[in-house]
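Below: one structure, written as structure tokens.
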There are 2 protein chains.
Amino acid sequence: MSPRVGLDQKMIVNVAAQLADTEGVESITLANIAKKLNVRPPSLFNHIQGLPSVKKELALLGMTILYEKLKVASNNKTKDEAIFALADAYVNFVKEHPGLYQFTIKAPETDEKELEKVSNQIITLLSDILTAYGLSNEDKIHGIRALRSILHGFSSLVQMGAFGLQISVKDSFQLMIEGYIESLKRLAQKNT
Amino acid sequence: MSPRVGLDQKMIVNVAAQLADTEGVESITLANIAKKLNVRPPSLFNHIQGLPSVKKELALLGMTILYEKLKVASNNKTKDEAIFALADAYVNFVKEHPGLYQFTIKAPETDEKELEKVSNQIITLLSDILTAYGLSNEDKIHGIRALRSILHGFSSLVQMGAFGLQISVKDSFQLMIEGYIESLKRLAQKNT
DNA sequence: ATTGCAAAACTAATGGCATTAGTTATAATA
DNA sequence: TATTATAACTAATGCCATTAGTTTTGCAAT
């Protein structure tokens, strides 16, 4: 009756992530996770603190994967090329992990050190790329915020099907990023 | 024990909206709504279909208020002035109604005609403003999508406290919108 | 090999939630 | 004043998360 399946937290969180992406955020319940693992819900408590802790772990997992994707995509690239690659990677991540992304961006209720650490790594990645444009430190911050807004906003709207399909969504994205990059350059000009 | 309080759907949805903005999205339960109305949860069912229907009504209410704010803000304005006013109104709406906004932007699970109607009114509002820039029809769509992405992304990130406070968030927004407007103009130039 | 033990998985039980069924009370109207 | 539709209620159901307490298992030490 209890052949010791060999559960652990990583397994639980991974199953939850799969569930989130395939069945939607609402499907993240301990009951559903347990079912997927052929286990009774209370058994999960030997490895996790409760449903809220699973959600926190999902946020961390999502943020970590996102960071890795962004890092790999922009690796060895600079300026425009790096931005385009990173932006593509961001949108693709959200497309591949729509459910996980929702947990990733949800504001944490408590201070989550690890999550904040990975989040800061992403900011640093963006910052390093923008450095090449020769902006002032303050303008670089503005640039980072704008890029984050664009990426998050666009990805979210695509994910929720907010854009019609007559006109190419890919083209919209390309133009938007081009516009962003040009405004970065203009900002750098002003600063000289 | 049942002095006929005079409930109706509007009252229920309004209380839910208040609750969402003050206590957060998680607090939207029939139990909490009933408590706020000094009524037992089953009484609500005389006026609403169930919790999901309340959430749909919240989405509609949010979208409607948002549309009204955007319309009023941009009324009698054109081009840059209209965009700045509308953008400000958007961000302010999210600031004033953080909880309601979450329901407003959540992808509807079923075809919601009314919601789609108001959503389309917002698109039309944006479209009318962008028309003044003399873009091609297709570029105008791209421009609308970019603006929606910027507004939603920025507002969401502000709302979830994703931006540090050392550097002015207002300045970031101003610069971002300026950059957007200039890229609109550049796009129009290319098209001539 | 056998035994002991920590931990994994279980069953049972609790409390909160949404929702349904069926009852009572009220306000409008005939 | 009597009738009736319906608002609000109580009671009951089922699902969920979680806790308590029990059984089982696999490793580890003899």
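Worth saying up front: this structure is predicted, and the values here are computed from it rather than measured. Every chain is numbered from 1 and lettered A, B, ... according to where its sequence line falls, protein lines coming before strand lines.
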Upstream residue (5' side of DNA chain D) when B:Arg40 and A:Leu51 are each assigned their closest nucleotide: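 The residue closer to the strand's 5' end, by nearest nucleotide, is B:Arg40.
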With a cut-off of less than 4.0 Å, is there a side-chain N or O of B:Ser43 near OP1 or OP2 of D:dA7?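 Negative; the distance criterion is not met.
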Taking 4.0 Å as the cut-off, does a side-chain nitrogen or oxygen of B:His47 come that near to OP1 or OP2 on D:dA8? yes
Please check if the number of heavy atoms outside B:Arg40 that lie under 6.0 Å from its CZ is greater than 12.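 No, because the 6.0 Å sphere around CZ of B:Arg40 holds 12 heavy atoms or fewer from other groups.
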Residues two or more places apart in sequence or in another chain: which of them pass salt bridge (charged side-chain N to carboxylate O under 4.0 Å, His left out) with A:Lys185?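 If we apply the salt bridge (charged side-chain N to carboxylate O under 4.0 Å, His left out) test to A:Lys185, skipping adjacent residues, the hits are A:Asp80.
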Looking at residues at least two apart in the chain, or sitting in another chain, which of them share a ring pair (Phe, Tyr, Trp, His ring centres under 6.0 Å) with B:His152?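 Expected list: A:His152, B:Tyr101.
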Ring pair (Phe, Tyr, Trp, His ring centres under 6.0 Å) involving B:Phe84 - partner list, sequence neighbours excluded: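 Partners of B:Phe84 under the ring pair (Phe, Tyr, Trp, His ring centres under 6.0 Å) test: none.
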Given side chains that start at C-beta, do those of A:Tyr67 and A:Thr124 come closer than 4.5 Å, heavy atoms only? no
Can you find a donor-acceptor N/O pair under 3.5 angstrom joining the side chain of B:Asn46 to the base of D:dA8? yes
Spacing of [X] atom [atom1] relative to [N] atom [atom2], expressed in whole Å:
X	N	atom1	atom2	value
B:Ile48	C:dT20	CD1	P	10 Å
A:Lys55	D:dT18	NZ	C1'	14 Å
A:Leu7	C:dA9	CG	P	5 Å
B:Leu44	C:dT20	CG	P	13 Å

Geometric cation-pi criterion B:Lys140 and B:Tyr133, 6.0 Å radius, 45° cone: no
Side chain to side chain contact (heavy atoms under 4.5 Å, CB included) for A:Leu58 and A:Leu100? Distances and angles first, verdict last. CA-CA 7 Å; A:Leu58 282 176; A:Leu100 189 56; 3.9 Å; yes
Among residues 10-38 of chain B, which residues get a heavy atom nearer than 4.0 Å to DNA chain C? B:Thr29, B:Leu30, B:Ala31
What protein N or O atoms touch nucleotides 12-14 of chain C N or O atoms at under 3.5 angstrom, if any, and at what distances?
none

Would you tabulate the side-chain donor-acceptor contacts of residues 112-121 of chain A under 3.5 Å, counting partners in other chains and residues two or more places apart, or write 'none'?
unit_1	atom_1	unit_2	atom_2	d
A:Glu112	OE2	A:Thr110	OG1	2.4
A:Asn120	ND2	A:Glu116	O	3.2

Does a side-chain N-to-carboxylate-O contact under 4.0 Å join B:Lys69 and B:Glu96?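 Answer for the salt bridge query: yes.
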